[in-house]
> 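Below you'll find the structure I mean.
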Amino acid sequence: MRFLLVFLCCAGVALAHSNATGVVKERMDGMVALGQALKALSADKLEPDLVRKLARDIQAQSGDTMLAGFPEGSLQHPSEAAPAIWTEPARFAGYAQELKDLAGALEAEPERLSEFLPLIGQSCKACHQTFRIKN
């Protein structure tokens, strides 16, 4: 189950990076970092300190940091950003903040990883369904 959530959240992100430049490459790299943190969190029997570190890694790529990676009009190939990011900015910002909040909660309570990881995966999936074009 954990692997499936990570796969759904992050599948295909790394493949599009070969021709990316500028802000598009920066945000794709951020998404890869998110995917790596989620993959690491899906391992069995993690120490609380590692869970906290990975939660901080997710926080570093979410919230306002994520929003900054999507300036108006940054749709150049190979971007997977859907125009809805700019037509529904409040909704997009809500997902970015939700991810940061969930990661913050996980950092505060690493023993609740089994509760928070599916919620983080669901947040990623919901955002991708509206705001990511699958190439």
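Small disclaimer: the values here were computed from a predicted structure and weren't measured. Atom set for the values below is all heavy atoms of this structure, side chains included, hydrogens, waters and symmetry mates excluded.
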> Might you point out which heavy atoms bring I85 and A81 nearest each other, and give the distance in Å?
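What the structure gives for the nearest pair is CD1-CB, 3.6 Å.
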> Would you give the length of the straight line joining atom CD of Q122 to atom CG of L117, rounded to the nearest 0.5 angstrom?
10.0 Å
> Treating S62 as the side-chain partner and Q59 as the backbone partner, does any N or O pair qualify as donor plus acceptor under 3.5 Å?
yes
> At their closest point, which heavy atom of M28 faces which heavy atom of P78, and how far apart are they?
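Nearest heavy atoms, M28 then P78: CE-O, 3.0 Å.
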> Taking all non-hydrogen atoms of both residues into account, name the closest pair between I133 and P83 and its distance.
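Heavy-atom minimum between the residues: CD1-CD, 4.0 Å.
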> Can you measure from CD (E26) to OG (S74) and round to the nearest 0.5 angstrom?
10.5 Å
> For the atom pair SG (C127) and NZ (K125), what is the distance rounded to the nearest 0.5 Å?
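That separation rounds to 13.5 Å.
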> In sequence, state the C-alpha distance, the side-chain angles, and the governing distance for Q97 and D101, and then conclude on side chain to side chain donor-acceptor pair (under 3.5 Å).
CA-CA 6 Å; Q97 189 59 47; D101 292 346; 2.7 Å; yes
> Distance from K39 atom NZ to L34 atom CG, nearest 0.5 Å?
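The distance works out to 15.0 Å.
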> For L99 versus C124, what's the shortest heavy-atom pair and its separation?
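The pair with the smallest heavy-atom distance is CD1-SG, 4.3 Å.
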> Which heavy atom of A103 sits nearest a heavy atom of A55, and at what distance?
O-CB, 3.3 Å
> Less than 4.5 Å apart, side chain to side chain, heavy atoms only: is that true for M66 and R27?
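Of all side-chain heavy-atom pairs linking R27 with M66, none is under 4.5 Å.
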> Applying ring-ring contact (aromatic ring centres under 6.0 Å, His included), name anything that partners F92, two or more places apart in sequence or on another chain.
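With neighbours one apart ignored, the set is F70, F131.
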> Atom CG in L46, atom CD in E111: separation rounded to 0.5 Å?
13.5 Å
> Would you call E107 and R52 a salt bridge, using N to O less than 4.0 angstrom?
no
> If I take atom CZ from residue R112 and atom CG from residue L106, how far apart are they, to the nearest 0.5 angstrom?
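Rounded to the nearest 0.5 Å, the CZ-CG separation comes to 9.5 Å.
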> Please, which pairs that meet salt bridge (Lys or Arg N to Asp or Glu O under 4.0 Å) have at least one residue in residues 82-96, sequence neighbours excluded?
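Sorted result for residues 82-96: E88-R91.
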> Verify, without hydrogens or angle tests, whether S123 (side chain) and L119 (backbone) share a donor-acceptor contact under 3.5 angstrom.
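The answer is no, because no donor-acceptor pair under 3.5 Å joins these two groups.
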> Got more than 12 heavy atoms from elsewhere within 6.0 Å of CD, E47?
no
> Between L113 and L41, what is the shortest heavy-atom contact and its length?
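Closest approach of L113 to L41: CD2-O, 3.6 Å.
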> Any salt bridge linking D49 with K53? Criterion: basic side-chain nitrogen under 4.0 Å from a carboxylate oxygen.
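Salt bridge flag = no for K53 with D49.
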